[in-house]
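Quick notes on the structure that follows.
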Protein chains: 2
Amino acid sequence: MPSRRTELTRQAARLFAEKGYHGTSIGDLAAAMGVQKGSLYAHISSKQDLLYETMAEGAHTFHAGLDAIPDEAPATEKIRLALRSHLRVVSDQLDVATVFVQEWRYLEGTRRDEIVALRRRYEERIRGYFREGRELGELRSDLDDATAALLVLSAANWAYTWLQPGRDTDALADRFYDLLVEGMRGYATPA
Amino acid sequence: MPSRRTELTRQAARLFAEKGYHGTSIGDLAAAMGVQKGSLYAHISSKQDLLYETMAEGAHTFHAGLDAIPDEAPATEKIRLALRSHLRVVSDQLDVATVFVQEWRYLEGTRRDEIVALRRRYEERIRGYFREGRELGELRSDLDDATAALLVLSAANWAYTWLQPGRDTDALADRFYDLLVEGMRGYATPA
DNA sequence: GTTCGACCCTAACGATCGTTAGGGTACCCG
DNA sequence: CGGGTACCCTAACGATCGTTAGGGTCGAAC
């Protein structure tokens, strides 16, 4: 049985995703919990807490996905698995992922810096896969890996807008991956 | 000399992009105009007006970019030009583009439906280029054009987060295009 | 020289915001 | 039994929200 505290963060993620941080009032949160708004302050010390916790959970989950990728895998495989992981996280925790992408700028103070740093580090891990793939000869030697990483990160970060939970995200990720690796041009696949 | 009215919509786009719609108060707008907040209501009838106008301007500008693409061009060229156009709009009107992507959900009533429909139509025009390219044999016959269009739209819609004004957006667009067409794999480009 | 439109002011409205203080109930553990 | 912990209440706080009413100034047009 989930404690009221964790239930509150769940509802916060849901409402922040749906109406935005500034668009969600403490009263909305309280109503979702079936409680008077003053009562929430037995669990939190400010509304910012809820935003921060949602963001921290998102950052952790995304990073944990990359942590599960074996170091010894080929770089191309790491890219494929990273795409899979990312889409799976977005699908499994759509609310958290939505808030993570959309509402980070409403974080204040040190916490904001912390989350921004985690975001940046995530992007750099992805970029690293591409650099590795180029340097080890798995990818075109003339590959612009920064642009390639940006393309993958765009697809990943945009996913919350269209991904519907319950879909086979692995297959989706593989479709993206295939497209990126093979390209769209006719003669690239003699099929 | 720009009228105060257009200056107001400009400032609104800037502040909405920076702090979000709900994060921007009428007082903030008034301060940016060097005016008392009540005075704004000589120009608008509600805060929503400013959001709607920014959105409408964004929708119009993006569509106008596609309108300039010649019908008789090859589909692949249309895709390349569409990417160029989109990135140029984002760069030239970063505030408007940011609001267009981030704040549309705070529109209310009929206006919201109207803007959402324009968004959808824009996406469909892009998708059409890919379908055309596949059917006319410019692209792989087994191309999943929905996925390919989604990839391009992801890159386009995410651009507001990293694109800095003043950069050569045409070159950027071409890099994206090249990557998408040729793919990342080594043997796809015999150097 | 008066009328008109564009522009801005002050002052206040009712509503809602996030937050606090202080008190209360119910259950578990010693 | 006593103490603690988890949870919720009512009532209010000062601040800020979007919006309105009514009045005022200025320059251009007729």
Side-chain angles (χ1 to χ4, degrees), chain A residues 1-56 95 99 102-112 115, chain B residues 1-56 95 99 102-112 115:
Chain A
M1 54 207 63
S3 75
R4 291 293 275 167
R5 180 60 225 259
T6 59
E7 168 71 6
L8 176 55
T9 63
R10 242 182 45 86
Q11 294 290 339
R14 188 177 63 84
L15 287 173
F16 289 166
E18 182 189 334
K19 318 182 6 161
Y21 176 70
H22 284 306
T24 303
S25 71
I26 289 285
D28 293 335
L29 262 311
M33 294 290 289
V35 138
Q36 301 285 6
K37 63 176 181 171
S39 307
L40 295 186
Y41 287 84
H43 305 293
I44 59 173
S45 67
S46 82
K47 188 182 167 187
Q48 272 273 317
D49 287 2
L50 291 170
L51 179 58
Y52 171 72
E53 265 168 56
T54 304
M55 300 294 303
D95 292 336
V99 174
Q102 297 225 75
E103 311 293 325
W104 65 269
R105 55 193 175 135
Y106 303 122
L107 274 176
E108 297 161 9
T110 318
R111 292 169 157 187
R112 177 181 173 140
I115 297 295
Chain B
M1 56 207 60
S3 75
R4 294 291 277 165
R5 180 60 225 260
T6 59
E7 168 71 6
L8 177 55
T9 62
R10 242 182 45 86
Q11 294 289 340
R14 189 177 63 84
L15 287 173
F16 290 166
E18 181 190 335
K19 316 175 21 158
Y21 176 70
H22 283 305
T24 303
S25 71
I26 289 285
D28 293 334
L29 262 312
M33 294 290 289
V35 139
Q36 301 285 6
K37 63 177 182 169
S39 306
L40 295 185
Y41 286 84
H43 305 291
I44 59 172
S45 69
S46 81
K47 188 182 168 188
Q48 273 274 314
D49 287 1
L50 291 170
L51 179 57
Y52 171 72
E53 266 168 57
T54 303
M55 300 293 304
D95 292 337
V99 174
Q102 295 224 77
E103 310 293 326
W104 64 270
R105 54 191 176 136
Y106 303 122
L107 273 176
E108 297 162 8
T110 318
R111 293 168 156 187
R112 176 181 174 141
I115 297 295

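Here the structure is a predicted model, which means the values were calculated and not measured. In what follows, chains carry the letters A, B, and so on, assigned in the order in which the sequence lines appear, proteins first and then strands, with residues in each chain numbered from 1.
- D:dC8 atom P lies 13 Å from atom CD1 of A:I44, rounded to whole Å.
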>> Before you tell me yes or no, could you show the steps for A:I115 and A:Y52 under side chain to side chain contact (heavy atoms under 4.5 Å, CB included), namely the whole-Å CA-CA distance, both residues' side-chain angles and the distance that decides it to 0.1 Å?
In response: CA-CA 8 Å; A:I115 297 295; A:Y52 171 72; 4.3 Å; yes
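- Remark: C1' of D:dA6 and CD of A:E7 are 16 Å apart, rounded to the nearest angstrom.
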>> Taking Watson-Crick (N1-N3 plus N6-O4 or O6-N4) and G-U wobble (N1-O2, O6-N3), each under 3.5 Å, can you produce the dot-bracket string of DNA chain D? Use [ ] for crossing pairs and | for inter-strand ones.
In response: |..|||||||||.||||.||||||||||||
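- A cation-pi contact, defined as under 6.0 Å to the ring centre and within 45° of the axis, links A:K47 to A:Y21.
- B:D49 and B:S45 are linked by a side-chain donor-acceptor pair at a separation below 3.5 angstrom, with hydrogens and angles left out of the test.
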Shorter than 3.5 Å, N or O on both sides, protein versus nucleotides 6-8 of chain C: list them out with atom names.
from, atom 1, to, atom 2, distance (Å)
C:dC8, OP1, B:R4, NE, 2.8
C:dC8, OP1, B:R4, NH2, 2.9
C:dC8, OP2, B:H43, NE2, 3.3

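- Contact check, B:Y41 against D:dT20: no side-chain N or O comes under 4.0 Å of OP1 or OP2.
- B:K37 is not listed as a side-chain neighbour of B:L29, based on a closest heavy-atom distance of 4.5 Å or more.
- Looking at B:E7 and B:R4, no side-chain N of the basic residue comes within less than 4.0 Å of a carboxylate O on the acidic one, giving no salt bridge.
- Distance A:L29 CG to C:dT16 P: 17 Å, rounded to the nearest Å.
- One finds the CH2 atom of A:W104 at 8.5 Å from the CE atom of A:M55 (value rounded to the nearest 0.5 Å).
- The distance from atom NZ of A:K47 to atom C1' of D:dA15 is 15 Å, rounded to the nearest whole Å.
- Listed by chain and number, the residues in a salt bridge (charged side-chain N to carboxylate O under 4.0 Å, His left out) with A:R105 are B:E103 (sequence neighbours excluded).
- Across the protein-nucleic acid pair, A:Q48 atom CD and C:dT19 atom C1' stand 14 Å apart, rounded to whole Å.
- The two atoms that bring A:V99 and A:A17 nearest to each other are CG2-N, 3.5 Å, heavy atoms only.
- Counting non-hydrogen atoms of neighbouring residues, nucleotides and ligands closer than 6.0 angstrom, the CZ atom of A:R10 reaches no more than 12 such neighbours.
- Near DNA chain C, meaning a heavy atom under 4.0 Å from it, residues 10-23 of chain B has no residue at all.
- Applying the 4.0 Å criterion to OP1 and OP2 of D:dC17, one finds that B:S25 has a side-chain N or O inside that range.
- Atom CD1 in A:I26 sits roughly 17 Å away from atom P in D:dT16 (whole-Å rounding).
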>> Run A:M33 and A:H43 through side chain to side chain contact (heavy atoms under 4.5 Å, CB included) and show every step you take.
In response: CA-CA 12 Å; A:M33 294 290 289; A:H43 305 293; 5.8 Å; no
Any N/O pairs under 3.5 Å between the protein and nucleotides 11-13 of chain D? List them or say none.
none

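- The closest donor-acceptor contact from the side chain of A:E108 to the backbone of A:Q48 lies at 3.5 Å or more, if one exists at all.
- Evaluated for a side chain to side chain contact (heavy atoms under 4.5 Å, CB included) with B:L50, the options B:I44, B:T24, B:I26, B:L15 yield exactly one hit, B:I44.
- Atom P of nucleotide C:dC17 and atom CG of A:D28 are separated by 7 Å, given to the nearest angstrom.
- B:Q36 meets the side chain to side chain contact (heavy atoms under 4.5 Å, CB included) test with B:S39; sequence neighbours excluded.
- Atom CZ of residue A:R14 and atom CG of residue A:D28 lie 10.0 Å apart, to the nearest 0.5 angstrom.
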